[in-house]
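In each ligand, atom 1 is the first atom listed, and ligand 1 is the first ligand listed. Nothing fancy with the numbering, it's 1 onward along the sequence.
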Amino acid sequence: MSFSALNRSALLSRLQSEHFDLIIIGGGITGAGIALDAASRGLKTALVEKKDFAYGTSSRSTKLIHGGLRYLKQLEFGLVKEVGSERAVVHKLAPHLVVPEKMLLPLSEKKGLGYWLTSIGLKVYDLLAGVKTEDQRRMLTKLQTLKHEPLLRKDDIKGGAIYAEYRTDDARLTIEIIKTAVRHGAVVANYASVTDFLYVDHKINGVHVIDGVTGSSFILHGTAIVNAAGPWVDQLREVNKSKQGKSLHLTKGVHIVLPREKLPVHQAIYFDVEADNRMIFAIPRGRTTYVGTTDTNYTGDPDHVVTSRGDAEYLIKAINAAFPSVNLSLNDVESSWAGLRPLIHEEGKSASELSRKDEIFISDSELISIAGGKLTGYRKMAERVVDLVAEKHFDDRTLKTCETEHIKLAVSPFISVAEVKQYEHEIGMRIERYGFTKEKANYLVETFGKDANTILSHFETKTHIDQEEGLLISEVEFCVQQEMVSSLSDFFVRRAGLVYFNIGLVYQYSSAIASHMQTLLGWSSETLRREEDELAALIKEAIYFKS
Ligand code: FAD
């Protein structure tokens with residue numbers, strides 16, 4: 001059965017009629033990673049997500065697969081070693097999606113660590129993460145730093161460094177892991193919200209689910225239940241009456257998106273904020289540069305997190321101080337996103353001092369909850385959870401050990417960056433005749449990997465008056481048929497990332513895509529209107545800071 005929104009009812013019938021070894025609640029990167037690990041070890045696995053995959057934090061991060069240089073300052077050597085080493089592993093699993101990116105670290109005269117401390121720190125960072133010699137950090141003089149980035153404020157720079165990181169698309173990484181889990185036998189549904197638990201002899205053995213599409217409810221039976229609900233982990237622990245001891249501490253982080261020409265940095269930069277002691281990233285991506293993040297305590301509704309005017313102004317001020325010639329204002333910002341870090345509360349620590357380490361809680365009724373952690377460390381977090389599930393519930397069965405280090409995240413995976421580049425070049429040549437640029441080829445390959453070919457083959461079978469519209473229609477058809485897209489926002493926000501990185505296309509083509517999806521999915525006119533209203537509300541959230 002393909003992972004198509006058109007097969008949804010058959011899929012839900014399977015969920016209701018079978019008994020699973022493991023039920024995972026939450027389709028962010030954490031749940032996705034656990035589903036792939038468990039299914040590939042031979043556990044009969046189900047995953048339910050209340051909205052769309054990566055709807056929560058996993059579509060709202062800085063989109064870096066990084067070791068977290070900052071955590072070295074906090075002496076979190078174990079964390080840096082684990083996530084730092086994971087970068088190269090995840091890159092190998094999906095080289096089109098986890099792309100090496102050299103990061104520039106300018107050193108300020110007035111702030112931050114000195115030249116030598118930075119040099120030693122970065123060396124330790126490289127060694128802990130096992131970075132290859134040719135990719136290890138390179139220290140720069142003031143002149144070299146300014147040559148790398150002429151936009152930097154000249155009077156304040158005393159030198160710099162270049163070090164290795166990777167960039168990704170968090171929501172795409174999540175969906176590719178989910179699709180790979182499905183290929184390994186996991187049964188997975190979005191728009192399926194867990195509202196309560198079932199118990200026998202005070203031990204959990206199932207969950208109550210509401211189908212967000214039809215409004216009907218059903219029961220899912222399983223031996224082990226994992227709560228991977230990110231910022232909502234404590235809500236489910238409350239339903240399980242097990243929210244004792246440690247609890248979550250949610251902190252908000254926002255990013256703003258600018259047209260590339262407004263902040264034309266040559267490469268990703270990790271720079272000091274003049275106003276406080278924090279550091280933020282400016283990362284070029286396609287036709288834009290995005291900047292973030294903030295880190296502030298959050299106690300509001302996790303379902304409606306927005307970038308406030310104050311958040312956006314903080315970032316604009318930081319950019320103008322570091323790159324004085326760009327002179328940006330709020331009017332230059334095209335879009336934004338805001339996400340919540342599901343961290344573990346530590347008494348007396350501020351938002352940015354809290355550890356990013358993951359923790360597992362097991363309730364008396366045997367609900368396993370996991371929180372904290374990073375996108376980058378998803379594979380190791382999953383390994384720990386599945387080891388625990390295996391030990392607690394299946395020690396009489398011979399389960400395979402974790403093998404996700406070798407499971408590529410695509411049906412036709414790339415083997416190297418060189419192959420990705422060659423493929424992008426070929427796709428670029430192929431779409432040139434329709435008036436598309438090289439950037440479109442890069443977008444197609446970084447977003448869909450070799451499925452770009454499937455999308456284009458489809459596009460080429462039809463004649464289109466407007467090529468852009470034709471290509472978007474082909475993308476949405478692929479996403480409905482292969483990636484469980486069942487709403488406008490699934491496509492525009494999480495599969496194609498256009499609400500963040502090309503909002504103009506969304507304004508221009510959302511009506512055409514909506515009526516195409518109406519035909520594909522058999523929407524009533526009422527559903528169509530609801531879908532359009534929901535997308536309009538999400539766009540409003542992305543530019544909320546302007547209101
Ligand atoms: P989520 O992605 O939030 O997933 C939880 C899911 O559970 C949600 O989709 C939700 O809808 C679902 N759910 C909730 N309740 C229910 C229910 N009752 N039934 C069914 N489903 C339910 N990490 C990095 O490695 N690199 C970075 O660059 C980076 N940058 C970051 C920047 C910011 C601003 C933030 C906030 C975080 C960043 N992180 C980064 C951390 C990383 O994004 C998170 O650790 C990770 O995405 C958390 O994933 P998760 O699956 O645990 O949570």
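Note: Phe281 and His66 have perpendicular aromatic rings, judged against thresholds of 30 and 60 degrees for the angle between ring planes. Taking the six-membered ring for Trp and thresholds of 30 and 60 degrees, Phe501 and Trp337 have ring planes more than 60 degrees apart, a perpendicular arrangement.
Among protein heavy atoms, atom 27 (C) of ligand 1 sits closest to Leu64 O, 3.4 Å. Closest protein heavy atom to atom 15 (N) of ligand 1: Trp232 CB, 3.6 Å. At the shortest separation from atom 47 (O) of ligand 1 among protein heavy atoms lies Ser58 OG, 3.0 Å. Looking only at heavy atoms of the protein, atom 39 (N) of ligand 1 is closest to Ser61 CB, 3.9 Å. Atom 20 (C) of ligand 1 has its closest protein heavy atom at Lys50 N, 3.2 Å. Given atom 3 (O) of ligand 1, the protein heavy atom at minimum distance is Thr57 N, 2.9 Å.
Residue Ala192 places a heavy atom under 4.0 Å from ligand 1.
Of the heavy atoms in Ile65, none comes closer than 4.0 Å to ligand 1. Contacts with ligand 1 closer than 4.0 Å are made by side-chain heavy atoms of Thr293 only, the backbone lying farther away. At a heavy-atom distance under 4.0 Å, only backbone atoms of Ala228 (N, CA, C or O) approach ligand 1. At a heavy-atom cutoff of 4.0 Å, ligand 1 is contacted by no atom of Gln235, backbone or side chain. Residue contacts with ligand 1 for Val48 involve N, CA, C or O but no side-chain atom from C-beta outward (heavy atoms, distance under 4.0 Å). Contact annotation for Arg60 and ligand 1: only backbone heavy atoms (N, CA, C, O) come within less than 4.0 Å of the ligand.
Considering CD1 of Ile175 and OG1 of Thr447, their distance stands at 13.0 Å, rounded to 0.5 Å. Here the OG1 atom belonging to Thr293 is positioned 9.0 Å from the CD1 atom belonging to Ile280, to the nearest 0.5 angstrom.
A distance-only check finds no donor-acceptor pair linking the side chain of Tyr500 to the backbone of Ile503 [under 3.5 Å].
The cationic atom of Arg137 (NZ for Lys, CZ for Arg) does not lie both less than 6.0 Å from the six-membered ring centre of Tyr125 and within 45° of the ring axis. Figure legend: Arg172 and Tyr443 shown without cation-pi pairing, the cationic atom not lying both under 6.0 angstrom from the six-membered ring centre and within 45 degrees of its axis.
Of the options Lys51, Glu49, His255, the smallest heavy-atom separation from atom 11 (O) of ligand 1 is shown by Glu49. For atom 5 (C) of ligand 1, the choice among Gly373, Ala229, Ala54 with the nearest heavy atom turns out to be Ala229.
For the pair Lys317 and Glu313, the salt-bridge criterion is not met [side-chain N within less than 4.0 Å of a carboxylate O].
The nearest pair of heavy atoms linking His255 to Thr62 is NE2-OG1, 2.9 Å.
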